[in-house]
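Chain naming here is simple, since letters A, B, ... match the order of the sequence lines and numbering starts at 1 in each.
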2 protein chains.
Amino acid sequence: MTLDRRIREDIEARIRSGEWRPGDRIPFEHELVAIYGCSRGTVGKALGALAKSGLIERRRKAGSFVAHPQVHSAVLEMPDLAQAIAARGDVYRWQRTGREVAPNHADFPGGAVVVDGVHFGGDEAFALEHRFIALAAVPDAVAERFVDEAPDEWLLRHVPWTSARHGIRAVAMTRGEAETMGVRTGTAALELTRTTWRSSDMVTRVRQLFRGDRFDLVAEFHPGTR
Amino acid sequence: MTLDRRIREDIEARIRSGEWRPGDRIPFEHELVAIYGCSRGTVGKALGALAKSGLIERRRKAGSFVAHPQVHSAVLEMPDLAQAIAARGDVYRWQRTGREVAPNHADFPGGAVVVDGVHFGGDEAFALEHRFIALAAVPDAVAERFVDEAPDEWLLRHVPWTSARHGIRAVAMTRGEAETMGVRTGTAALELTRTTWRSSDMVTRVRQLFRGDRFDLVAEFHPGTR
DNA sequence: CAGTGGTCTAGACCACGCA
DNA sequence: GCGTGGTCTAGACCACTGG
């Protein structure tokens, strides 16, 4: 156990136990230096980590204070479909249902490849996918058929380090969607919309539709544990 | 601009631009020390932050390497209902529709308070809520009516620093739910289930139901920006 | 204006793991 | 064995800001 971590966990335990309550000032750096018999650098690193995780606030001249809790953000595990399906014990399969090139799409200067397909788990359709891939950012995509490999896996190998924005909604399936999924029209579905950038260039935009009764997302929030 | 941050952004820019690709080794600490003319501590802090954010991997004796991208987690902003509704320009209102004490609930040793209610935005029902509050962790809850104040706000003031787990699904509204929400039975709804702990004690469990067409969650993923 | 946190330095020792 | 990253030290200067 490193000292840095021990200091963090000591302080976190006092906060979680209620011994130090929101708004309370915790000991100054130089006091913690005396308590733990270490250098200021080590204490500073521990407090810095606690501040980054949102558990404390630090103010010059005033000291460090227990922050007021705000359970307003959580880490959401976005599913890798192939893995999620494999974890359920099913065999994953991608089936492309359509592909075209849109040379002039309003949202994609330089054009886009549009791919439609279905992610299967065993014999059941697990998710529908409708995807745009920007040719300006990923010119290689124009030569790719996406028959044997799903676009997400292909993109992961061809486009390094992206950022993303996800939208999550509940929608009723249209008739065509429901037919493909093998459920009744109007069945509740979880709609995941993801836009992905590399630096400031849009790389891909995808809409994935999951059966509401077969799929759920999980988000964890553990301040200080990050 | 601090030097620590400048080093981080330099390296991140080279990774995002593709100059350094996944799997590539980036310069050793002592090389970066020479490049930036600073101490090893500063370089180490910068690389440590990049590693924590998942942009690089560090291995003893081998060096630091550009990680392979994995867009599998994102920071989800969990809505504060009152704020979310206010942001839409509506007036927020909580209406309790039920409250009882369950002294012997299987999941809550020590019993629980069970609260039902509706979150309104203007005249429209925005979300339904069904909540358990563990009396073992929050004994004060037995005396609280939750008429004037919604349980989430009350809990925020009475139970500091919790961790939580969220589940997100799409469901079809039951007849009773749909009537309360003023929509047709079977309408798609976003179901948010949150369980909250303080240390290892379960504090509360809530199921919130949102109209799918009036509500969406947003999750951002920006490696290195965290 | 005095004391805090923010940042940085120039060392040090150590464990690990590749060669 | 030996070089790497992981951790820590005992200082230092500075900007900010609360009293």
Side-chain donor-acceptor contact under 3.5 Å, A:Arg131 with A:Thr204 | yes
Touch class at under 4.0 angstrom, heavy-atom based, for B:Leu3 against every strand present = sugar-phosphate
Check whether any side-chain N or O of A:Thr2 sits under 4.0 Å from OP1 or OP2 of D:dG6, and answer yes or no.
-> no
When the ring centroid of B:Phe132 is compared with that of B:Phe108, is the distance short of 6.0 Å?
-> yes
Would you check if the distance from the ring center of A:Phe120 to the ring center of A:Trp94 is below 6.0 Å?
-> no
Give the rounded distance in Å between these two atoms: [atom1] of [X] and [atom2] of [N].
X	N	atom1	atom2	value
B:Lys45	D:dC8	NZ	P	15 Å
A:Leu47	C:dT7	CG	P	13 Å
B:Ile7	C:dT7	CD1	C1'	12 Å
B:Arg5	C:dT7	CZ	P	10 Å
A:Arg58	C:dG3	CZ	C1'	14 Å

If you draw the axis of the six-membered ring of B:Tyr36, does the NZ or CZ of B:Arg6 fall within 45° of it and under 6.0 Å from the ring centre?
-> no
Please identify each residue that fulfils side chain to side chain donor-acceptor pair (under 3.5 Å) with B:Asp4, with sequence neighbours left out.
-> B:Arg8, B:Lys45
Residue pairs passing the salt bridge (Lys or Arg N to Asp or Glu O under 4.0 Å) test where at least one lies in residues 158-168 of chain B, sequence neighbours excluded | A:Glu220-B:Arg165
Listed once per pair and sorted, the salt bridge (Lys or Arg N to Asp or Glu O under 4.0 Å) pairs that draw on residues 33-42 of chain B, sequence neighbours left out | B:Glu29-B:Arg40
Selection: residues 20-39 of chain B, any non-hydrogen atom under 4.0 Å of DNA chain D | B:Phe28, B:Glu29, B:His30
Nucleotide by nucleotide, 5' to 3', does protein get under 4.0 Å of the base (B), only the sugar-phosphate (S), or neither (-) in nucleotides 11-19 of chain D, counting heavy atoms?
-> -B--BBBB-
Among residues two or more places apart or on two chains, list those pairs meeting side-chain hydrogen bond (donor to acceptor under 3.5 Å, both in side chains) that have a residue in residues 110-122 of chain A.
-> A:Tyr92-A:His119, A:Asp116-A:His130, A:His119-A:Glu129
